[in-house]
Amino acid sequence: MIPTGSTIGILGGGQLGRMLAIAAAPLGYSCHLFCPEDDAPAAEVCAKHTVAKYENVDALMSFAKNIDVVTYEFENVPSSAIQLIEKLRPVRPGKKSLTITSNRRKEKQFAMQNDISVASWQEVKERRFLGSAIKKIGVPSILKSEESGYDGKGQYTITSTESSELDLAWQKIGNVPAILEEMIDFDQEISVIIARGIDNSTKCYSPIFNVHKDGILDYSLSPAPINNRMKKKAEQIAMVAAESLDHIGVLCVELFLTKNKELLLNEIAPRVHNSGHLTIEAYKTSQFTQHIRAIVGLQLRDCLQQSNAAMKNLIGRDIDFWEKMDTNGEPSVHLYGKKEVRTGRKMGHVTWLYPTSQDPYIPIDF
Ligand code: ATP
Ligand code: MG
């Protein structure tokens, strides 16, 4: 139990860290950020900020001494950093969640060991194994680097078996160990956000419907338009993942619902998730508050949905339209304070609420 008044360390300075720190404040926790960028979105709302690389042992040790518990807002924090910190302070979620979910091969193996279905896949350690993997998986298929991917980065869709195409794919993902994955012609993509507390209790948010554009989440609707049986199945997958990882905090499973009504695990995010941003307004307790409650040892809150919701990400130059959106249906606008607009960069998001009797939608065209 970490009492109110304590300091929460956050590894990673993006918008997820920013929204975690905002949620920590009303409970009386102050946040100390650790990340290499001095103008990180989370820096503006954290009381302290250590600007250092995740490999900087001295900086990590002194950070650990100044905090009471540590969490992370993205899974590409090197596990060496976690190993160092956990000698001094509790790390929640723990190392197992990070190690497995930051590596796509380990994540797939973990799913299979836990009877969670995934798309067909093959390990591709080196370029010379790609040809035989393609023979087994076929085309189109997706080559994904084992590590360091996010927002569709480190991925290449292979559409022909020509060796020039395979060379290009291998080069595009950065000449690193990878997996080759079957392309799923899915009916829907959904995500399930679940929280697990230090007493091992779990609380699950209703599945969310997600649409991606160029490998990046474009918008989310809650609840997902699926039947009760599918909802239960999806929530069960989230529960198995959280328990088998011995996870403390919030976790998200991204799922494909296939045309044959099968649920396949795409990936696990060991943290609060972009699709869950709508929980800030649509639920009595948001994913961010729930995560803070979990890692400090407070009892988890029920996931009570108060409104249906639609969330649109503002990606790159979408940010230019935020004022237009602001005047359309009185949405909640969240801007991340990023100075530089880059293609594919998440700059903010907007959430619209609807009565629970009404289907949610994005009330503006792009
Ligand atoms: P993020 O960080 O946004 O979750 P990511 O880089 O971790 O993205 P994935 O979740 O693996 O990448 O893929 C991003 C999107 O690409 C998926 O949400 C989905 O729309 C599409 N995609 C990925 N793998 C497949 C697949 N095997 N079949 C069909 N579509 C896929
Ligand atoms: Mg994903």
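Just the heavy atoms: all of them, side chains too, but no hydrogens, waters or symmetry mates, feed the values below. Numbers here are sequence positions counted from 1. Order of listing sets the numbers, starting from 1, for every ligand and every atom in it.
Within the protein, the number of N, O or S atoms lying under 2.8 Å from the Mg ion (ligand 2) is 2.
At a threshold of 4.0 Å, the pair K339-E44 counts as salt-bridged, since one of the basic side-chain nitrogens sits closer than that to a carboxylate oxygen.
Ligand-side atoms of ligand 1 in range of E181: 24 (N), 25 (C), 26 (C), 27 (N), range being under 4.0 angstrom from any heavy atom. The distance from ligand 1 to the heavy atoms of E254 drops below 4.0 Å at these ligand atoms: 4 (O), 10 (O). The contact set between ligand 1 and F186, taken as ligand atoms under 4.0 Å from a residue heavy atom, comprises 29 (C), 30 (N). When each atom of ligand 1 is checked for a heavy atom of R104 under 4.0 Å away, the hits are 5 (P), 6 (O), 7 (O), 11 (O), 12 (O). For ligand 1, the atoms sitting less than 4.0 Å from at least one non-hydrogen atom of G215 are 3 (O), 14 (C), numbered in the order shown with element in parentheses. When each atom of ligand 1 is checked for a heavy atom of K144 under 4.0 Å away, the hits are 11 (O), 23 (C), 24 (N).
In this structure, N266 is part of the shell of residues with a heavy atom less than 4.0 angstrom from ligand 1. Under a 4.0 Å heavy-atom criterion, A119 is not in contact with ligand 1.
Within a 6.0 Å radius of CD in E55, other residues, nucleotides and ligands contribute more than 12 heavy atoms.
No part of L217 comes within 4.0 Å of ligand 1, judged by heavy-atom distances. Of all the heavy atoms of H212, the ones lying under 4.0 Å from any atom of ligand 1 belong exclusively to the side chain. When heavy-atom distances to ligand 1 are checked against a 4.0 Å cut-off, E182 comes that close only through its backbone atoms N, CA, C and O. Proximity of K346 to ligand 1, defined as any heavy-atom pair under 4.0 Å, is not found for any part of the residue. Proximity of I142 to ligand 1, defined as any heavy-atom pair under 4.0 Å, is confined to the side chain (atoms from C-beta onward).
Among residues at least two apart or in separate chains, side-chain hydrogen bond (donor to acceptor under 3.5 Å, both in side chains) pairs with a member in residues 88-101 are E86-K95, S97-H247. Residue pairs meeting the ring pair (Phe, Tyr, Trp, His ring centres under 6.0 Å) criterion with at least one member in residues 61-111, sequence neighbours excluded: H32-F63, F34-F63.
Here the side chain of S307 pairs no donor or acceptor atom with the backbone of A309 at under 3.5 angstrom.
Put simply, atom 19 (C) of ligand 1 has protein non-hydrogen atoms near it, under 4.0 Å away.
E254 and H273 are linked by a side-chain donor-acceptor pair at a separation below 3.5 angstrom, with hydrogens and angles left out of the test.
When only interatomic distances are considered, the shortest N/O to N/O separation between F256 and ligand 1 does not fall below 3.5 Å.
Applying the salt bridge (Lys or Arg N to Asp or Glu O under 4.0 Å) rule to E75 yields the partners R271; only residues at least two apart in sequence or on another chain are considered.
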